[in-house]
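Worksheet for the structure shown next.
The figures here come from the full heavy-atom set of this structure, side chains too, leaving out hydrogens, waters and symmetry mates. First the proteins, then the strands, lettered A, B, ... as listed; each starts at 1. Only a predicted model underlies this, so the values are computations on that prediction, with no experimental measurement involved.
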Amino acid sequence: MFKFLFDRDTWQEVFDSFNKNKLRSVLTMVGVWWGILLLIVLLGSARGMENSFNRLFGDFATNSVFVWGESTSKAFKGFQKGRWVKLTLSDAKKVEENVEGIEFVVPRSQSQATVTRKFLSGAFQMAGDYPLLDRVQKKKLIHGRFINQADIDDNKKVALLSEDCYKQLFEKDEKAIGEYVQINSMNFKVIGIFKNGDVNMGPTTDMHIPFTTFQQIYNRGDRIGWMMITGKPEYDIKQIEADTKLLLKNLNKVHPKDGRAFGSFNLGKEFSKITGFLTGMQFLTWFVGIATLIAGVFAIGNILLITIKERTKEIGVRRALGATPFEIKRQIVVEAVFLTLVAGVVGIISGGWILILIDALYGQGPDASLVNASVSIAVVFIALLLLTALGTLIGLIPAFKATSIKPIQALREE
Amino acid sequence: MLKIKGLHKSYPIGDSSLHVLKGIDLQVEEGEMVAIMGSSGSGKSTLLNIIGMLDEADEGEYILDGLPIENLNEKKAAVYRNKFLGFIFQSFNLINYKNALENVALPLYYQGMKRKERQEKALFHLGKVGLADWAQHLPKELSGGQNQRVAIARALAANPKLLLADEPTGALDTKTSHEIMAFIQQLNDEGKTILMVTHEEDIASMCKRIVRLRDGVIMEDAKVEQIRAEQYV
Ligand SMILES: Nc1ncnc2c1ncn2[C@@H]1O[C@H](COP(=O)(O)OP(=O)(O)OP(=O)(O)O)[C@@H](O)[C@H]1O
Ligand SMILES: [Mg+2]
């Protein structure tokens, strides 16, 4: 069936008819070339954009919501309105136990603290944290380690400092791990130095100490600042947020319809806006690319139609010599597919070059706007498949046109 | 070889129709060389094209080499043309971007013959018309007579049973016409059946039988003493 594709004569014929109308053939191929180039470059750029977003958000468990207490706006069960709701560790525990689809809940507390070392000092934002925090918001450690369970269990006086904080308290290149700093006049051993991320979720934190230590030195008892809730990937974080708030209202004797009692920041919702935008971009890209491609393929079909008309007599002669309509059609379709594919492959290659150029211009460095702008082999494969299909379809029109008239009419044509 | 009975053909022209062939009866035996004559518009080409299965009759019977030609679809017609028939046209109808050898090899290509074998065979036939040295030349590099000889080689390449020629010398001067006729006579001597349309009496007299058409019917059909073309070359 496809033996003719490996026949030298088939390609000789394609080559001959290409040569006969060189300029015209090249001009028509420009349409397809442009379409596929556009598709590759746009898709690659969209991918680059997605990659750079992912790099920015990659340190966060994006299916998360942060919840904290605020003041009530409705009187309920004997409480006046305007009461400040205080979340506790047991609230966090109950949320984790009762709300469906939760991966984990991380309670946090934060406060300003004065830190001194030798003759240097500064005021910093200090948070009390569980080891689990590292899973919601991956810390980029430059030196040392994050808080572990032993630190929590023993209320250890250990601290992680941000890079900025370290620079303020230490000499350049001075060893910090194992050294001591005074936090609110208490000695804390430095166990790690971390880098502040490009994007911060919630208030910035300059220092982390164990949650239990924090609660102890500030005498917070059970009260927590806020909780970070991470949902399982397959659960809707908006639903988790709603369920959590309802549960917390119940636990804290807040009116069920009170919209003010809890503040929250839904990372998942924000993130899905961005991914939605990226998906939209990709969709638009495919749409624009394919539309251009179809226009290009139509141009090829059109030219073939003209060429076929000019070759009417030749086709008549071939039929007089015994070419079946199928053989004639097949040849024309092969020509169409060949032109489309060659234009497409050239388009893919030049699109690739442009992506390499884009990568060199905008893809370098830690804050590149397009990280690794590229298209996958799958996309290239789909594009080629699409081209073949379109080429075949569009080739069928001149093919049927060529064999629609009787050989004698074709022979009479001048 | 060929038997036609009650053949009718008309062409629609606007609302009316032009009745071109009005009941043709014709029988041609193997090895004959027949000239079809008649005034312009008498239907000579129409008849030849129907015989060549390039066109279809409206009515009538047509048997070629014992095979009734009816209910032809294009595919079947193409196969029959390829197997049984060789065409020679007044305007040669060579493919202008293919050289002599490729032109001659074309019917063999459509027979599905392998490239090498095809080229050998095509070269052999080009040799027979004396153009072996011109195999690589394009039609535009050859004279009219040479082009017609390439066309004859092409018609012969597939070894057809019947050779159909529509005014094969119509575009050639007298001398070249006689050369071409000498070739065709030689083919006939070798046993090929030949049917040719012409309106030149001297060309017709080089055949063995002359069929005259007028107003869509055969007016006269007579065997003649063949005049050899070699004597003029
Ligand atoms: N496709 C067609 N449509 C309409 N009329 C046609 C068609 N083909 C031929 N005719 C008409 O049929 C008649 C016979 O045509 P044909 O070509 O057979 O004549 P001919 O005998 O070969 O003439 P000539 O010597 O000029 O070649 C002519 O009047 C011609 O105009
Ligand atoms: Mg005629």
Exercise for the section: Assign the ring pair B:His137 / B:Trp134 to parallel, tilted or perpendicular, where the plane angle (0 to 90°) is split at 30° and 60°. Expected result: tilted
Problem - Heavy atoms from other residues, nucleotides or ligands near CZ of A:Phe15 exceed 12 (cutoff 6.0 Å) - result: no
Practice task
Tell me yes or no: between the side chains of B:Asn49 and B:Thr46, is some donor less than 3.5 Å from an acceptor?
Solution key: no
Handout entry: Exceeds 12 heavy-atom contacts within 6.0 angstrom, atom CZ of A:Phe287
Key = no
Exercise for the section: With the side chain counted from C-beta on, respond yes when B:Pro139 and B:Val150 share a heavy-atom pair under 4.5 Å apart, and no when they do not. Expected result: no
Problem - Minimal non-hydrogen separation, A:Gly391 against A:Val297, with atom names - result: N-CG1, 4.3 Å
Exercise for the section: Identify which of B:Lys75, B:Gln111, B:Arg154, B:Lys76 forms the greatest number of heavy-atom pairs closer than 4.5 Å to chain A. Expected result: B:Arg154
Practice task
Counting only heavy atoms closer than 4.5 Å, note whether B:Asn93 contacts chain A via side chain, backbone, both or neither.
Solution key: both
Exercise for the section: Pull out the residues in residues 311-323 of chain A that come under 4.5 Å of chain B, heavy atom to heavy atom, sorted by number. Expected result: A:Arg311, A:Lys313, A:Glu314, A:Val317, A:Arg318, A:Arg319, A:Ala320, A:Leu321, A:Gly322, A:Ala323
Problem - Quiz item: cation-pi between B:Lys5 and B:Tyr62, 6.0 Å / 45° - result: no
Handout entry: B:Lys83, NZ atom: more than 12 neighbouring heavy atoms under 6.0 Å
Key = no
Exercise for the section: Give, as side chain, backbone, both or neither, the part of B:Ser91 having an atom under 4.5 angstrom from any heavy atom of chain A. Expected result: side chain
Exercise for the section: Would you mind checking which part of B:Tyr80 comes under 4.5 Å of any heavy atom in chain A, side chain (CB onward), backbone (N, CA, C, O), both or neither? Expected result: neither
